[in-house]
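Heads up, the thing below is written out as structure tokens.
Just so we're clear, the structure is a prediction, and the values are computed from it rather than from any experiment.
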Amino acid sequence: MPEPATSQPDVIVIGGGLHGCSAALHLSLRGAKVLVVEKDYIGRHASGVNAGGVRQLGRHVAEVPLSVASMALWHRIAELVDDDCGFESHGQIKVAETEAELDQGRARVAQLNALGFTHEEVADRAELRRLVPAIADHCVGAVVSRRDGAAIPYRTTFAFKRKAESLGARFAEGAAVTRVARSGTRWRVETADGGRFEAPVLVNCAGAWAGRIAAQLGEPVPLEVIAPMLMITARMPPFLKPVVGATGRTLSFKQFPNGTVLIGGGLLGRAVPDENRTELDYAKMSVNARTVWDLFPNMRGATIVRAWAGIEGRMPDDIPVIGPSGTEAGVFHAFGFSAHGFQLGPIVGRILADLITDQTTDLPIDAFRIQRFRQTAVAA
Ligand SMILES: Cc1cc2nc3c(=O)[nH]c(=O)nc-3n(C[C@H](O)[C@H](O)[C@H](O)COP(=O)(O)OP(=O)(O)OC[C@H]3O[C@@H](n4cnc5c(N)ncnc54)[C@H](O)[C@@H]3O)c2cc1C
């Protein structure tokens, strides 16, 4: 049986991905005693194996205020976690291959401007070529978010863990939560290896498995377990600084400083969450490769050296659940980041700390209420 990680934690966080570690950090900064319970090891799942894209570009409108606030934290990330997390800001770009796609981009930028957001802008053909000299001739322009960038996922998650730990947070790894139950005014958490922990506040950051915790709390959600895939090439001569996506096709494309090129964008393999396993779909990966072939002629001789997938939770409306439980006092959720939660990690931990310590937050989180699924879950 593991040693109780803190004798009397104020908060138990289930899940040691970026969101759980960020919650632990922000709560520790406010003096709360936090215990994170992780079934495998910190950063084992989506937070450690993702593409590292730090993107405001193309966000669901409900996510934009959170994404903008998170980006401010990313640009000072070393002040928060004593590590730059490998964060580099060379912008993110969504390429338009046709005039119709560029018109979509113009409409999107106008929509954001009307809401008071100016981080996305339209780039014409010449500006696109200045930013991405290797782009194929047929591309007509792009939407650009210049302060966006990318970071190293596992290093980031671990930096949040390490900083939280230095402030007193404790981490129980290899401890799968099997049961959560109310015990008077406290929450009792039981783990598969015989651990028993109690605290007045419980936070559900269990990623693709978070629906199981929510169901135990009487609020089932239609969380789909997905397996986004990535592949990486052998080293290429340097040709690209920003992260590049496409308007009409699935793509996330970036070159690391060591020359390797990461190709992804959300095409899915198959997840086997009970076995911590994924299966790749090679036919879909060839679609991804074809997109790269079309948009970057210099990649036609590239060699793919490795491919993998991570396990992630997706909600039907593609935006996460963030906020208090709809059924139980003292419970908070942050899960279902639908394959774009890495960039939001720094701010979501702060929001959870706001909600837990101040009972409110200055960021708009109504759209992320778990109660929005009540009807669907009842019907299901
Ligand atoms: C291949 C891939 C590429 C991606 N690319 C990007 C990107 O470029 N940009 C971006 O913003 N986002 C990206 N994402 C999404 C991003 O990685 C996730 O949204 C984010 O990491 C989710 O973090 P999390 O902490 O909620 O979940 P996770 O990192 O999955 O952490 C949840 C943790 O909870 C633990 N857990 C679950 N159940 C229990 C239990 N019962 N007891 C104890 N522990 C439990 C799990 O073991 C896990 O470690 C990508 C995802 C994938 C898979």
Salt bridge present between D82 and R162 (N-O < 4.0 angstrom): no

Identify whether the distance between the nearest side-chain nitrogen and carboxylate oxygen of E165 and R170 falls below 4.0 Å. no

Enter the distance from F296:CZ to L240:CG here, rounded to the nearest 0.5 Å. 5.5 Å

Taking D362 first and then R350, would you say they form a salt bridge - that is, a charged N and a carboxylate O separated by under 4.0 Å? yes

Using only atom types and a distance under 3.5 Å, with no angle test, would you say the side chain of S183 pairs donor to acceptor with the backbone of R186? no

Taking K254 for the side chain and A51 for the main chain, is one N or O donor matched with an acceptor at less than 3.5 Å? yes

Side-chain (N298) to main-chain (R300) donor-acceptor, under 3.5 angstrom: no

Can you tell me how far CZ of R106 sits from CD of E99, rounded to the nearest 0.5 angstrom? 6.0 Å

Please determine, by modelled atom types, if H340 and E63 share a side-chain donor-acceptor pair under 3.5 angstrom. yes

Nearest heavy atoms of P65 and A62, plus distance in Å: CD-O, 3.6 Å

For G326 and R374, the nearest pair of non-hydrogen atoms, with its separation, is O-NH2, 3.3 Å

Within 6.0 angstrom of R277 CZ, more than 12 heavy atoms from elsewhere: yes

Test item: H75 side-chain N/O and R147 main-chain N/O as donor-acceptor pair under 3.5 Å: yes

Look at the side chain of T327 and the backbone N and O of E219, then say whether any donor-acceptor pair between them is shorter than 3.5 Å. no

Gap separating the CD atom of E173 from the OH atom of Y41, nearest 0.5 angstrom: 10.0 Å

Test log, rule side chain to side chain contact (heavy atoms under 4.5 Å, CB included), inputs K284 and L268: CA-CA 8 Å; K284 285 190 199 155; L268 302 179; 4.3 Å; yes

With V132 as reference, evaluate L295, V244, V95 under the side chain to side chain contact (heavy atoms under 4.5 Å, CB included) test and give the passing residue. V244

Could you tell me whether D137 atom CG has more than 12 heavy atoms of other residues or ligands within 6.0 Å of it? no

For M236 and M299: C-alpha separation, side-chain torsions, deciding distance, then whether side chain to side chain contact (heavy atoms under 4.5 Å, CB included) applies. CA-CA 9 Å; M236 311 270 297; M299 290 291 292; 3.6 Å; yes

Using a strict cut-off of less than 4.0 Å between a Lys/Arg side-chain nitrogen and an Asp/Glu carboxylate oxygen, indicate whether R270 and D281 qualify as a salt bridge. no

For the CZ atom of R372 and the CZ atom of R369, what is their distance to the nearest 0.5 Å? 10.0 Å

What's the separation between atom CG in L251 and atom OG1 in T291, rounded to the nearest 0.5 Å? 6.0 Å

Closest heavy-atom contact between A208 and L223? O-CD2, 3.3 Å

With no hydrogens and no angle check, do the side chains of T357 and R30 hold a donor and an acceptor under 3.5 Å apart? yes

Between R76 and W74, is NZ or CZ placed under 6.0 angstrom from the six-membered ring centre and within 45° of the ring axis? no

Least distance between heavy atoms, R235 atom then N258 atom: CG-O, 3.1 Å

Tell me if a side-chain donor or acceptor on W187 pairs with a main-chain N or O of E198 at a distance below 3.5 Å. no

Hey, could you give me the CG/CD distance between D148 and Q343, rounded to the nearest 0.5 Å? 7.0 Å

Consider side chain to side chain contact (heavy atoms under 4.5 Å, CB included). Of L352, L344, V203, which one does H19 pass it with? L344

If you measure from the Lys or Arg side-chain nitrogens to the Asp or Glu carboxylate oxygens, is any gap between R146 and E121 under 4.0 Å? yes

Please answer whether the main-chain N or O of F239 pairs with a side-chain N or O of Q255 as donor and acceptor at a distance below 3.5 Å. yes

Assess the residue pair D40 and H45 against the criterion (side-chain hydrogen bond (donor to acceptor under 3.5 Å, both in side chains)); give the C-alpha distance rounded to whole Å, side-chain angles, the decisive distance to 0.1 Å, and a yes or no. CA-CA 9 Å; D40 297 309; H45 291 289; 2.8 Å; yes

When you look at I232 and I263, which way does the side chain to side chain contact (heavy atoms under 4.5 Å, CB included) test go after all the steps? CA-CA 6 Å; I232 197 153; I263 303 168; over 6 Å; no

Basic-acidic side-chain contact under 4.0 Å: D124, R129: no

Quick check: do V221 and M315 have side-chain heavy atoms less than 4.5 Å from each other? yes

So, for P133 and R130, which heavy atoms are closest and what is the spacing to 0.1 Å? CD-O, 4.0 Å

Closest approach of H90 to E88 (non-hydrogen atoms, all atoms of both residues): NE2-OE1, 3.1 Å

Pair D358, T360: side-chain N/O donor-acceptor within cut-off below 3.5 Å: no

Any chance the side chains of T247 and E97 put a donor and an acceptor closer than 3.5 Å? no

Just by modelled atom types, is the G149 backbone N or O under 3.5 Å from a matching donor or acceptor in the Q92 side chain? yes

Evaluation steps, side chain to side chain contact (heavy atoms under 4.5 Å, CB included), between I370 and S325: CA-CA 7 Å; I370 193 168; S325 159; 5.6 Å; no

Q56 side chain reached by V68 side chain, heavy atoms, under 4.5 Å: yes

